[in-house]
Structures are given as structure tokens and as C-alpha cells.
Amino acid sequence: MAGYLLKNCAAVIVDEGKGPVVHRNVDLLTKGPAIVAIGENLGADALPAGTTVQDAAGWFVYPGLVNTHHHFFQCFVRNRADLDWTKLSVIEWLDRIYPIFSQLNEECFYHSSVTAMAEMIKHGCTTALDHQYNFPRHAGKRLIDRQFEAAELLGMRFHAGRGGNTLPKSEGSTIPDEMLETTDEFIADCARLIDAYHDTSPFSMRQVVVAPCQPVNCYRETFLESVALARDRGVMMHTHVGEGESPVIQARHGMRTVDYLEELGFAGPDAFYAHCWELNHDELRKMAASGTGVAHCPEPVYLVGAEVTDIPAMAAFGLRVGLGCDGAASNDNSNLMHCLHSAYMLQCLVSSSRAHPVPPPVDFLGYGTTGGASLLGRRDIGRLAPGMAADLFAIDTRRMDYVGTRHDPLSLIARVGIGMATDMTMINGRIVWQKGEFPGLDEAKLAADAEAALSAVEF
């Protein structure tokens, strides 16, 4: 079984279950999908057969980042200055962008997934959940199958959030009829995907999450059936919550979104919500009590101009928090590394108006690693220690960018930021990005193929 010895690492962020600790001037040994050992002079004795020695002098080695919320398909609708949040109301914006989404075809979903995952891998993300709720009728039902295909091509550890929208626009949703499904269609395809792809074995590369898009765009029965299926099959649940829809849910159902979902059973340790910026402290406490997690997406705050999510309160109340890029409708990149920096800096911006102090920078690294693993129900990813998955990235800090910063590897990403691609990204013991290349793949061809798929669609 092949493995790697990362020799003479300047620093490795080790976490044996009690929090991250910096180990300096050590080696890291992998075998197959797992980390075998972290320590000094690991190559002094005979190495396991098939081990490749990698000079890691100057490298800071971190656990791979875990992205807990994204919309890959939106990579094909980005850098659109005409879709300007600052000049449009939310309803006007949705009315413009959803018809664009509805034009995408199967090839677009495949190539946009390759695009998003490639960018994530370049920037240290090793596990990603995509919330794929867009199923135009003309594109067919095998869109997530194609996403798994893209993940296998790049070597990404992939959790597919099978989303869907069931409430027609005539009944108060923002969804074009072309993107609508029935509850039965949605649940049947969730079940098909679970049967075909969901793998609970250690170091699983493929899992499925039941993820109706959002309560405001789905019937009540859609969420009830989602809970029944997810609990029957033992999979996680995910949806959008607390991004401006609570007054609508209050008007429809007589309660705000958190209470509504709790009443439906769509809450608990097997559930996590994206965004949650508009939730009050009582709602956050209720989520903490039920074990429901939050996938915080910091970068949309810049574009949407909404309230900065109260991460200090979430931390104080004991909520499980992970990080997500979100899709290009409100974040035009797929760089989760940058989100760590954005998340921390946004909290600093509003710290004087908050009741709780900003968590230290190292906690934001935790949200992007162990926090994300917790949301996805994973115990084998998110930290570097013997027996854990060999999911990691390395930054060569022997550059001018890092002068004066190297004394504190734990705070570096959140406080200073990383302005370039990693020097190496490893997933499941396989190097998937190194020296500016995807080994075995032609990035220029991948980009050209994606552009060709995009240009074939008339928006």
C-alpha cells in the first residue's frame, strides 16, 4: 500500500482529540488513506514498502478544510455585475437569477462541479458538501451522479446534498416552474442516491445528505418526508435557515423558521442549517440544545449587505459551527481558505456591538476543520493524528508573505490570510495538487471544456 513521508515539516497542526497543538520540526507518515505517525526522525528505521519521501522543509502542514455549504452549479453564473445586490431587493434579485439557473443543462452541472472542486482543492479543501437544489426538467435527474463523477476525477471527498424545491411560484415561492419537483420525485431520487452512493465505511469518499432547499420554497410535507427518509436511512439533513425568510414562515405557519423546523423534526445532531444570520439568541439557544449545527458562510455578507452572523453568540451557546463557501450567487469564488480569514475579520468589524467576544483566530481554523467534520457526521476527517484520514494541505512559509508570522501557525490563516494556492493538497492519502498542477490532469483542458459547456447555454 502506497504512502508518503513528509520529511522535516517546519510545523504540523496535530489534534489528538483535545484541540490543535503545533508540533515543530517533525515528520508525518501516511499509508494508504490514513496517517500512520507524526514525530521526529520517522525515516530512521526502514520505511513501509511503497513509501515516497517528500521534502517538507519550511512547510506548515494543516488538516484539510471541510466545506459544509456550496452550490457548485452557480460557478457558471458569476462575475455578473448586472445582478447587483446593492441595487436590487431580494425579490427582484431572485426573480432575475432563478430563470438563469433554470437554463443550465447536465453538462453544465458536471463541468461547474469540476470547476468548483478544483478551486477548493487548490486552496486546501479536501471534503466538500454541495447543496444541489437546481433540477431543471430538461437537465434530467442524473445531475448528482455527474457530480460524483467529477469528484472522482479530482479525488475530492464529496458529500452530495440532494436539494429540491416543491412549492410553485403561484403559492408564494420564488422558483420558476421549470425547476420545480413534486415531493414524491424529490424523495424518490434522494432514496436512489443513498442506495447508489452513500458509503458509511471508514474514509468514505461518497456520502449523501437529504437537503430540501429551504422551507420558504417547499411544502410542509417535503420536510416531513425528508425527516422520515433521513432517519430511516441514517443520513444527515441540511437546508437554508435564517436568511430573511423567518417573517414569511411566521405569516404562513404562525412561527419562525427554527420553531417550524423543530416541530417537523428537522433538527437535532443529524441536522445542520446554512447561514442563520437573522436568528435571535433564543433561537440559537434552542438549536444548541437540540444539537442542530450551523454552516456559516461569511463571504456572502459582503455582497448581500445583511447582518454579520453572530458567531460569538453561537460559540458562547455551544452550537456546532462549520464553514461554507456558498455559491456564486452571493460569493464569486470557491476558496474556503479565504472564508476563514473573512469569517474572522467580519467578526472583528462588529465586535464592539456584540455581547460576546470574538473567538480567537484558532477557533476559526477549527470551524473550517473539526467543526465541518462534526456537521457532516464524520469522525475520521478534520484533524491530523495517527489513524485519521490523510487529508491535509501544506504551505511553504519560506516566502516574504510570511515574514513575521511564522511564530503562530494556529492563527496564521484566520488572522493573516493565505493569498495563494497551497504547495500541496492531499486527500485520502493521495496527492491531488502539487507544484501548481493536478497530477495526471490537464488543467488547461479542464478549463476549456468547462468554458465550452458554459458557452453552449444561452442565458
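We're numbering straight along the sequence, starting at 1.
- Between the side chains of Asp259 and His253, no donor-acceptor pair of N or O atoms lies under 3.5 Å.
- From Ser334, atom OG reaches atom CG of Asp326 across 10.0 Å, with rounding to the nearest 0.5 Å.
- Other residues, nucleotides and ligands contribute over 12 non-hydrogen atoms within 6.0 Å of the CZ atom of Arg233.
- A distance-only check finds no donor-acceptor pair linking the side chain of Thr369 to the backbone of Leu65 [under 3.5 Å].
- Taking 4.5 Å as the limit, every side-chain heavy atom of Pro357 sits out of range of all side-chain heavy atoms of Pro312.
- Arg252 places a side-chain N or O within donor-acceptor distance of the main-chain N or O of Gly172, the cut-off being under 3.5 Å.
- Salt bridge Arg285/Asp282: present, at least one basic N to carboxylate O contact under 4.0 Å.
- The aromatic rings of Phe73 and His71 lie tilted to each other, with the angle between the two planes from 30° to 60°.
- At distances below 3.5 Å, not a single donor-acceptor pair connects side-chain atoms of Ser342 with backbone N or O atoms of Cys339.
- With Arg320 contributing its side chain and Pro269 its backbone, the two residues share a donor-acceptor pair below 3.5 Å.
- Sorted by first and then second residue, the salt bridge (Lys or Arg N to Asp or Glu O under 4.0 Å) pairs with a member in residues 419-431 read Arg399-Asp423; sequence neighbours excluded.
- Annotation: Glu437, atom CD; neighbour count of heavy atoms from other residues, nucleotides and ligands within 6.0 Å does not exceed 12.
- With hydrogens and angles disregarded, no donor-acceptor distance shorter than 3.5 Å links the side chain of Glu283 to the backbone of Cys276.
- Glu171 and Tyr219 are linked by a side-chain donor-acceptor pair at a separation below 3.5 angstrom, with hydrogens and angles left out of the test.
- Side chain of Asn134 to main chain of Phe101: a donor-acceptor pair is present (N/O by atom type, distance under 3.5 Å, no hydrogens or angles).
- Inspection of the Asp363 and Tyr344 side chains reveals no N or O donor paired with an N or O acceptor under 3.5 Å.
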key: Verdict with supporting geometry, Met205 and Asp199, side-chain contact (heavy atoms from CB on, under 4.5 Å)   = CA-CA 7 Å; Met205 296 292 285; Asp199 178 9; over 6 Å; no
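- A donor-acceptor pair shorter than 3.5 Å cannot be found between the side chains of Asp184 and Thr182.
- Ring-plane geometry between His131 and His240 is classed as parallel, the angle between the planes falling under 30 degrees on a 0 to 90 degree scale with a further cut at 60.
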Enumerate, atom names and distances included, each donor-acceptor pair closer than 3.5 Å involving a side-chain atom of residues 444-459, sequence neighbours excluded.
unit_1: Lys445; atom_1: NZ; unit_2: Asp449; atom_2: OD2; d: 2.8
unit_1: Ser455; atom_1: OG; unit_2: Glu451; atom_2: O; d: 3.2
unit_1: Ser455; atom_1: OG; unit_2: Ala452; atom_2: O; d: 2.9

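- Interatomic distance, CZ of Arg383 versus CD1 of Ile13, reported as 14.5 Å (0.5 Å rounding).
- No side-chain N or O of Tyr273 forms a donor-acceptor pair with one of Thr257 less than 3.5 Å apart.
- Judged by distance alone, with hydrogens and angles left aside, the side-chain atoms of Glu181 form no donor-acceptor pair with the main-chain N or O of Asn165 at under 3.5 Å.
- Distance CD/Glu243 to CG/Leu279: 10.5 Å, rounded to 0.5 Å.
- Residues Phe272 and His69 keep their aromatic ring centres 6.0 Å or farther apart.
- For the atom pair CD of Glu221 and OG1 of Thr183, the computed distance is 4.0 Å after rounding to the nearest 0.5 Å.
- No more than 12 heavy atoms of other residues, nucleotides or ligands lie within 6.0 Å of CG in Asn79, so this atom counts as exposed by the packing criterion.
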Donor-acceptor list for residues 148-159 side chains, cut-off 3.5 Å, not counting sequence neighbours:
unit_1: Glu149; atom_1: OE1; unit_2: Arg146; atom_2: NE; d: 2.9
unit_1: Glu152; atom_1: OE1; unit_2: Arg206; atom_2: NH2; d: 3.1
unit_1: Arg157; atom_1: NE; unit_2: Asp391; atom_2: OD2; d: 2.9
unit_1: Arg157; atom_1: NH1; unit_2: Phe203; atom_2: O; d: 2.9
unit_1: Arg157; atom_1: NH1; unit_2: Ser204; atom_2: O; d: 2.9
unit_1: Arg157; atom_1: NH2; unit_2: Asp391; atom_2: OD1; d: 2.9
unit_1: Arg157; atom_1: NH2; unit_2: Asp391; atom_2: OD2; d: 3.3
unit_1: Arg157; atom_1: NH2; unit_2: Asn428; atom_2: OD1; d: 2.9
unit_1: His159; atom_1: NE2; unit_2: Arg378; atom_2: NH1; d: 2.9

